[in-house]
Amino acid sequence: MRTFDPFDGAVLIDKPAGPTSHDVVDAIRRAFRLEKAGHCGTLDPNATGLLIIVLGKGTKLSEKLMSDDKVYEGTIKFGETTDSYDADGELVASLPVLPMTVDELNAAAATFQGDIMQMPPMVSAVKVKGVPLYKMARKGIEVERKSRLIHIYHFQFSKYEEPFGFFRIACTKGTYVRALAHELGQKLGCGAHLATLRRVVSGKFDVEDALPFEDVLKLTSGDFQQRVIPFLKLAAQASLPTG
């Protein structure tokens, strides 16, 4: 009969802007002296929100958890295009922003709903011949990338305060929201980039149930253990349909 350690499972972290997803995993592994830990879906350094950290035998479920659908909220800044498609990148174009209504924004956003082919940005962790694209981008090298099929269930703006649009999107794994922001800006003729991004849902897990990263690091080992979703419960959640 398989036995499980109290640290076999997962914890839900609310990641702040700044650290990489790997930084968060590393800090938790060191703080609680864990042998094995990983995360289920990278968040860019400036992105915030739900990060599922799998621990011990829980790492065996990472692929399944990573494949779940995601929900994000964020803001897009219109009129400015960057090389990384987000606020971290270098400004490459600046154009006047035409007056827009939320309805007009939503009409443009609706054209991205459904199955679409998306090309990963050059500034991304996707590997070509074993080398991450972002490493090539830092050297000024641009290579051909393969588009991949993604699905956008819902992409809608709730507010527009020029030049910022506030949106919510539900999508399949592997979706680059900043690429959508860039493509939307191109469609509208003024350019755009992703200003902020927050992951609020991943599969059956919600950021409302997550603990802020800085608070996690203050926990005792016993208190941290109380936050761990046990392996068997995690496995049951991982096998549930997300629709």
Side-chain angles (χ1 to χ4, degrees), residues 12-17 21 39-52 65-82 84-89 97 100-121 123-126 145 147-210 241-243:
L12 306 182
I13 304 295
D14 187 347
K15 185 185 99 63
S21 300
H39 64 78
C40 300
T42 302
L43 282 173
D44 289 336
N46 274 344
T48 68
L50 182 60
L51 194 62
I52 302 172
L65 292 167
M66 211 176 294
S67 68
D68 284 338
D69 297 334
K70 313 288 192 295
V71 179
Y72 297 91
E73 294 176 349
T75 56
I76 293 173
K77 185 175 184 180
F78 294 93
E80 293 182 353
T81 302
T82 69
S84 63
Y85 304 166
D86 63 13
D88 282 343
V97 180
M100 292 186 288
T101 65
V102 170
D103 287 343
E104 288 169 334
L105 271 181
N106 282 331
T111 64
F112 292 95
Q113 290 183 183
D115 288 340
I116 62 172
M117 298 299 292
Q118 186 182 64
M119 184 180 294
V123 182
S124 68
V126 173
R145 286 100 71 202
S147 295
R148 50 193 185 181
L149 179 68
I150 60 169
H151 186 87
I152 307 300
Y153 299 100
H154 172 89
F155 184 15
Q156 193 162 31
F157 287 84
S158 58
K159 185 168 60 171
Y160 179 60
E161 295 178 353
E162 190 179 324
F164 293 98
F166 299 77
F167 70 89
R168 184 178 174 94
I169 186 168
C171 54
T172 51
K173 71 158 191 172
T175 300
Y176 282 94
V177 181
R178 53 195 165 100
L180 288 175
H182 175 80
E183 290 160 19
L184 179 61
Q186 297 300 302
K187 181 180 281 287
L188 293 170
C190 59
H193 69 265
L194 185 66
T196 64
L197 187 69
R198 180 168 177 77
R199 183 155 64 205
V200 293
V201 174
S202 180
K204 293 294 178 183
F205 300 102
D206 195 294
V207 72
E208 289 186 3
D209 299 317
T242 58

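Everything quoted here is computed from the prediction, not taken from an experiment.
The shortest side-chain heavy-atom distance between Val201 and Leu50 does not fall under the 4.5 Å cut-off. For the pair Lys15/Val207, no side-chain contact is recorded, criterion being any heavy-atom separation below 4.5 Å from C-beta on. Counting heavy atoms from C-beta on, the side chains of Ile150 and Cys171 never come closer than 4.5 Å. Within the 4.5 Å cutoff, the side chain of Thr111 has heavy atoms near those of the Lys187 side chain. Residues Phe166 and Tyr160 fail the side-chain proximity criterion, which asks for heavy atoms closer than 4.5 Å. A heavy-atom distance below 4.5 Å is found between the side chains of Asp69 and Tyr153. Within the 4.5 Å cutoff, the side chain of Gln186 has heavy atoms near those of the Thr81 side chain.
Residues passing the side-chain contact (heavy atoms from CB on, under 4.5 Å) test with Glu183, sequence neighbours excluded: Phe112, Gln118, Ala179, Leu180. Under the side-chain contact (heavy atoms from CB on, under 4.5 Å) criterion, Ser67 pairs with Lys64, Lys173, sequence neighbours left out. Looking at residues two or more places apart in sequence or on another chain, you find no side chain to side chain donor-acceptor pair (under 3.5 Å) involving Ser202. Shown here are the ring pair (Phe, Tyr, Trp, His ring centres under 6.0 Å) partners of His182, two or more places apart in sequence or in another chain: Tyr85. Shown here are the side-chain contact (heavy atoms from CB on, under 4.5 Å) partners of Pro16, two or more places apart in sequence or in another chain: Pro19, Phe213, Glu214. In this structure, His154 has no side chain to side chain donor-acceptor pair (under 3.5 Å) partners at least two apart in sequence or on a different chain. Listed by chain and residue number, Glu80 satisfy the side chain to side chain donor-acceptor pair (under 3.5 Å) test with Lys77 (two or more places apart in sequence, or in another chain). With sequence neighbours excluded, no residue forms a side chain to side chain donor-acceptor pair (under 3.5 Å) with Asp206. Partners of Phe164 under the ring pair (Phe, Tyr, Trp, His ring centres under 6.0 Å) rule, at least two apart in sequence or in another chain, do not exist in this structure. Remark: Ala47 pairs with Leu43, Asp44, Leu197 by the side-chain contact (heavy atoms from CB on, under 4.5 Å) rule, at least two apart or across chains.
Put simply, CZ on Arg168 and OG on Ser158 are 10.0 Å apart, with the number rounded to the nearest 0.5 Å. Taking CD1 of Ile76 as the start and CG of Asp86 as the end, the distance is 11.5 Å to the nearest 0.5 Å. In this structure, OG1 in Thr42 is found 8.0 Å from CG in Leu51, a value given to the nearest 0.5 Å. The distance from the OG1 atom of Thr82 to the NE2 atom of His193 is 6.0 Å, given to the nearest 0.5 Å. Here the OG atom belonging to Ser21 is positioned 4.5 Å from the NE2 atom belonging to His39, to the nearest 0.5 angstrom. Atom CZ of Phe205 and atom SG of Cys40 lie 9.0 Å apart (nearest 0.5 Å).
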Side chains of residues 103-110: which donor-acceptor partners sit under 3.5 Å, not counting sequence neighbours?
unit_1 : atom_1 : unit_2 : atom_2 : d
Glu104 : OE1    : Thr101 : N      : 2.9
Asn106 : OD1    : Phe157 : N      : 2.5
Asn106 : ND2    : Val102 : O      : 3.4
Asn106 : ND2    : Phe157 : O      : 3.1

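Checking side-chain atoms of Thr172 against main-chain N and O of His151 turns up a donor-acceptor pair under 3.5 Å.
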Determine whether Arg198 and Asp14 satisfy the following criterion, side-chain contact (heavy atoms from CB on, under 4.5 Å), listing intermediate values before the conclusion.
CA-CA 10 Å; Arg198 180 168 177 77; Asp14 187 347; 2.8 Å; yes
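Nearest heavy atom pair, residue Phe155 against residue Gln113, reads N-OE1, 3.1 Å. Of all heavy-atom pairs spanning Leu194 and Ala181, the tightest one is N-CB, 3.8 Å. Nearest approach of Ala87 to Ala195, heavy atoms of both residues: CB-O, 4.0 Å. In terms of heavy atoms, Val97 sits closest to Gly79 at CG2-CA, 3.5 Å.
The stretch residues 149-160 participates, sequence neighbours left out, in these salt bridge (charged side-chain N to carboxylate O under 4.0 Å, His left out) pairs: Lys159-Glu161.
Under the 3.5 Å distance criterion, with hydrogens and angles disregarded, a donor-acceptor pair is assigned to the side chains of Thr75 and Thr196.
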